**Student:** 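The structure that follows is given in the form of structure tokens.
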There are 2 protein chains.
Amino acid sequence: MKKPSSLIDVARRAKVNISTVSRTINQTGKIGAETQARVMKAMRELGYKPNRVARRLRARDASTHLLGLIIPNIQNIFFADLARGVEDVAYKNNYAVLLCNYDEDEAKERFYLDVLQSESVDGIILPPIHETDPAVLQVVRNGTPVVCVDRSLSSGNLDKVEVDNHTGALKAVEHIIAKGHRRIGLIGGPADSSTGRERLRGYKDAHAKAGLPLKPELMRFGDYKQDSGETIAQELLTLPDPPTALFVCNGLMTAGALETIAALGLKIPKQIALVGFDELLLADVFNPPLTLVRQPAYEVGKSAAELLLKRIEDPARPATSLKLLPELIIRKSC
Amino acid sequence: MKKPSSLIDVARRAKVNISTVSRTINQTGKIGAETQARVMKAMRELGYKPNRVARRLRARDASTHLLGLIIPNIQNIFFADLARGVEDVAYKNNYAVLLCNYDEDEAKERFYLDVLQSESVDGIILPPIHETDPAVLQVVRNGTPVVCVDRSLSSGNLDKVEVDNHTGALKAVEHIIAKGHRRIGLIGGPADSSTGRERLRGYKDAHAKAGLPLKPELMRFGDYKQDSGETIAQELLTLPDPPTALFVCNGLMTAGALETIAALGLKIPKQIALVGFDELLLADVFNPPLTLVRQPAYEVGKSAAELLLKRIEDPARPATSLKLLPELIIRKSC
DNA sequence: GAAGAACGTGCAAACGTTTGCGCATGAAGG
DNA sequence: CCTTCATGCGCAAACGTTTGCACGTTCTTC
């Protein structure tokens, strides 16, 4: 473990004081051209790299050009796309982003929040695990810029960018109803997530508008992972009086549902119609091509990062709240 | 920006010296039960959280229980799965992992390497951008434990876990040949990646073993992203004398190829057979179900993390090199 | 009952930076 | 020739920890 060279080493080699070295590095203060050259040379020769830890310890407010992004599940393409959106604008502005995958685990979320904070990132983007997330609130109170994505935080004054889940679900279910379906199975999201609830509301409202009664036995709730889509579809489709259409509330669960539909040998859309949430790889070349609600995941990430950068620049600016519209892509599965 | 409380505040409140506080936190040294209680109380009341930055500055070797993972492209499911493998074993061992997505950009890779290093992570897992990556070598020389995944680094002495790409490709192409194909299009990986070259070698060796001549016009190389799969498939399939089968060297490019096959209205496997690399969501319920080489992505991540933890514990242990076998899953597309 | 041993705690240095202040030096201005 | 001032640089404190050392008590042990 070779000890890396420090300011002191550079200073010694260039025969100046460490403050001079620091100042030439940061372009702060007046330093003679000749001295600067000598310092630069010494730095090059020693392969000097500033120690970010020390730098941040000294100056808590020294920008590290580092963003934190905390996501529930990296295997969910929605979040991967979102992450890319964040990445791209961050990088364009010379920021790097530290990604943390908390796997819907509250303790883990808290841990990462801690880490990012104590790494002094300039700001954090995350979907709060639920509406009143005290850990997140604490971070906000500490003065770290935070922007919420996808899910919201009840406590008002935060920048956030969400998808209009209610409208998305409403349109989807209205489309299903327009296709003549009356028994529409719901594979919903977790009840304690705002996205889950909003999509459920869309499902309900579509029924109400069409004067269709809700059938509780057709409404089940998963955890946004593939397995639960598979299991719930199994339950629903083996009911004595099964639904004729399925509305599945996210991409992974849609994949799961498709697995059981295939296992059951059901034909889409004749025997069972299907509309899913989230775009899926290959959805348009699937057989039949899948009708689904495309969420602008990349754009969510992009906007969030832009908002965050603005806030970092001007912490006093009023909070902006964006709501992006999802798009119902009608193909052949319903 | 409220200033968080420090050891000093806690010490003052508990009427002890800061060293006493530090010691009760870290369970190091003997501290009386009563004093401990007083300190704990003060910490609770102040909501004290240790400052990780300061801690790491002081003790460069103090484990932060933090791992770094640098991946080329988060949207590639292979890496998402790999990341989950890393995550899971890390978390089980009380480590957190900082994920960095460098998007095949060398400058970005270097940047993240810098950041992780100066964040003093305990170790780093990454697929080196190419065999002789000086930045990575530098990190290794600095004494930071590194394990390479997926791709290798020419300079020997590193822990690494790879997939046997040669065997995987060999089996795949042998299977294609066994199905009677003689004109097999290759949508390969980048020539400067070890995975790309190994898979190419498998493709070539399968031809050689079957006594089949290589046809350079059927061999093209993409960048592992969906678009290039789409474009190259387009080029290949509109050749005057097009291939009757396609071997596609990763998942995203396979998806791209499927897009153009659909656009061209070609029937799989009759008009064009296909074998891809990487498991794909819905591959088994696709029409037809896709024959492909499944890489044990999750296991790669898992093993890598285990290796890294072992190395952190015992930096002197000899380097281990793992080669995991991919599996040819024969379905209907070839 | 005296000599250690063990225990509990405080003191201060060190980690690698940034930065306010102060001190020379030389040029400009009267 | 004496002030004034800008320029260029050094000194030392501070950021929040950890940790070796020292010191005073109390408990064994013969």
Side-chain angles (χ1 to χ4, degrees), chain A residues 1-40 42-43 46-64 114-115 117-120 142-143, chain B residues 1-40 42-43 46-66 114-115 117-120 142-143:
Chain A
M1 174 85 72
K2 203 186 62 188
K3 209 179 113 185
S5 52
S6 74
L7 270 192
I8 301 188
D9 304 315
V10 178
R12 196 154 24 219
R13 181 167 256 258
K15 304 213 185 303
V16 292
N17 186 275
I18 56 166
S19 55
T20 304
V21 180
S22 172
R23 281 192 260 256
T24 67
I25 292 175
N26 300 311
Q27 311 272 25
T28 152
K30 315 269 183 185
I31 304 292
E34 190 203 342
T35 314
Q36 284 206 28
R38 221 167 55 240
V39 170
M40 301 286 250
M43 285 184 7
L46 262 51
Y48 170 76
K49 295 251 182 75
N51 180 324
R52 299 171 65 101
V53 176
R55 194 202 293 256
R56 286 214 315 273
L57 175 58
R58 167 55 218 238
R60 321 184 49 70
D61 49 342
S63 170
T64 48
D114 261 23
V115 172
Q117 241 187 132
S118 69
E119 296 300 348
S120 310
N142 282 349
Chain B
M1 174 84 73
K2 202 186 62 186
K3 207 179 113 187
S5 51
S6 75
L7 270 191
I8 301 187
D9 304 315
V10 178
R12 193 149 32 213
R13 181 168 254 256
K15 304 215 184 303
V16 294
N17 186 275
I18 56 166
S19 56
T20 303
V21 180
S22 171
R23 281 194 260 255
T24 70
I25 292 175
N26 301 311
Q27 312 271 27
T28 153
K30 314 268 183 185
I31 303 292
E34 190 202 344
T35 314
Q36 283 206 29
R38 223 168 54 240
V39 171
M40 302 285 251
M43 285 184 8
L46 263 50
Y48 170 77
K49 295 251 183 74
N51 180 321
R52 298 171 66 100
V53 176
R55 195 200 294 252
R56 286 214 314 273
L57 175 58
R58 165 56 218 235
R60 322 184 47 71
D61 50 341
S63 171
T64 48
H65 273 220
L66 207 56
D114 261 24
V115 172
Q117 238 188 133
S118 68
E119 297 299 349
S120 311
N142 283 347

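As the structure is a prediction and not an experimental result, all values here were calculated from the model. So that the names make sense, note that chain A is the first sequence line, chain B the second, and so on, each numbered from 1.
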**Student:** Using a heavy-atom cut-off of 4.0 Å across all strands, would you classify A/Ile8 as base, sugar-phosphate, or nothing?
**Tutor:** nothing
**Student:** To the closest 0.5 Å, what do you measure between CZ (B/Arg38) and OG1 (B/Thr20)?
**Tutor:** 9.0 Å
**Student:** B/Arg52: which residues meet the side-chain hydrogen bond (donor to acceptor under 3.5 Å, both in side chains) condition with it, sequence neighbours left out?
**Tutor:** A/Ser118
**Student:** Between the base of D/dT17 and the side chain of B/Arg55, is there a donor and acceptor pair under 3.5 angstrom?
**Tutor:** no
**Student:** Under 4.0 Å between a side-chain N or O of A/Thr28 and OP1 or OP2 of C/dT19?
**Tutor:** no
**Student:** Could you tell me the separation between the CZ atom of A/Arg56 and the P atom of C/dG16, rounded to a whole number of Å?
**Tutor:** 15 Å
**Student:** Can you tabulate the close N/O pairs, meaning under 3.5 Å, that link protein atoms to atoms of nucleotides 22-28 of chain D?
**Tutor:**
none

**Student:** B/Arg12 CZ to C/dG10 P: how many Å, rounded?
**Tutor:** 14 Å
**Student:** Is there a side-chain polar atom (N or O) of B/Asn17 under 4.0 Å from OP1 or OP2 of C/dC11?
**Tutor:** yes
**Student:** Kindly compute the distance separating OG1 (B/Thr35) from CG (B/Asn17), expressed to the nearest 0.5 Å.
**Tutor:** 12.0 Å
**Student:** Tell me: NZ of B/Lys30 to C1' of D/dG20, nearest whole Å?
**Tutor:** 17 Å
**Student:** Closest heavy-atom contact between B/Val21 and B/Ala11?
**Tutor:** CG2-CA, 3.7 Å
**Student:** Would you kindly compare A/Ser5 and B/Arg38 by the position of their nearest DNA chain C nucleotide and give the one closer to the 5′ end?
**Tutor:** B/Arg38
**Student:** Show the nearest heavy-atom pair for residues B/Val53 and A/Arg56, with the distance to one decimal.
**Tutor:** CG2-NH2, 3.6 Å
**Student:** What is the distance from atom CD1 of A/Ile18 to atom CZ of A/Arg23, rounded to the nearest 0.5 Å?
**Tutor:** 10.0 Å
**Student:** Would you mind reading off the distance between B/Glu34 atom CD and C/dG8 atom P, rounded to a whole angstrom?
**Tutor:** 12 Å
**Student:** Spell out protein contact along nucleotides 20-26 of chain C as letters: B when the base is contacted, S when just the sugar-phosphate is, - when no protein heavy atom is under 4.0 Å; keep the 5' to 3' order.
**Tutor:** B------
**Student:** Rounded to whole angstroms, how far apart are CD1 on B/Ile31 and C1' on C/dG10?
**Tutor:** 10 Å
**Student:** Give a yes/no on whether any side-chain N or O of A/Ser22 is located under 4.0 angstrom from OP1 or OP2 of C/dT18.
**Tutor:** yes
**Student:** Give the rounded distance in Å between these two atoms: CG of A/Leu57 and P of D/dC15.
**Tutor:** 9 Å
**Student:** Output the distance between atom NZ (A/Lys49) and atom CG (B/Asp114), rounded to the nearest 0.5 Å.
**Tutor:** 4.0 Å
**Student:** Does B/Val53 reach a base, just sugar-phosphate, or nothing at all? Heavy atoms under 4.0 Å.
**Tutor:** nothing
**Student:** Mind calculating the distance between CG (A/Asn51) and P (D/dC15) to the nearest angstrom?
**Tutor:** 18 Å
**Student:** Whole Å only: how far is the CZ atom of A/Arg58 from the C1' atom of C/dA14?
**Tutor:** 17 Å
**Student:** Just how far is it from atom CD of A/Gln36 to atom CE of A/Met43, taken to the nearest 0.5 Å?
**Tutor:** 10.0 Å
**Student:** Do you know the tightest heavy-atom contact between A/Leu7 and A/Ile25?
**Tutor:** CD2-CD1, 4.1 Å
**Student:** State the CG-OG distance between A/Leu46 and A/Ser6, to the nearest 0.5 angstrom.
**Tutor:** 9.0 Å
**Student:** Does C/dT9 have OP1 or OP2 under 4.0 Å away from a side-chain N or O of B/Thr20?
**Tutor:** no
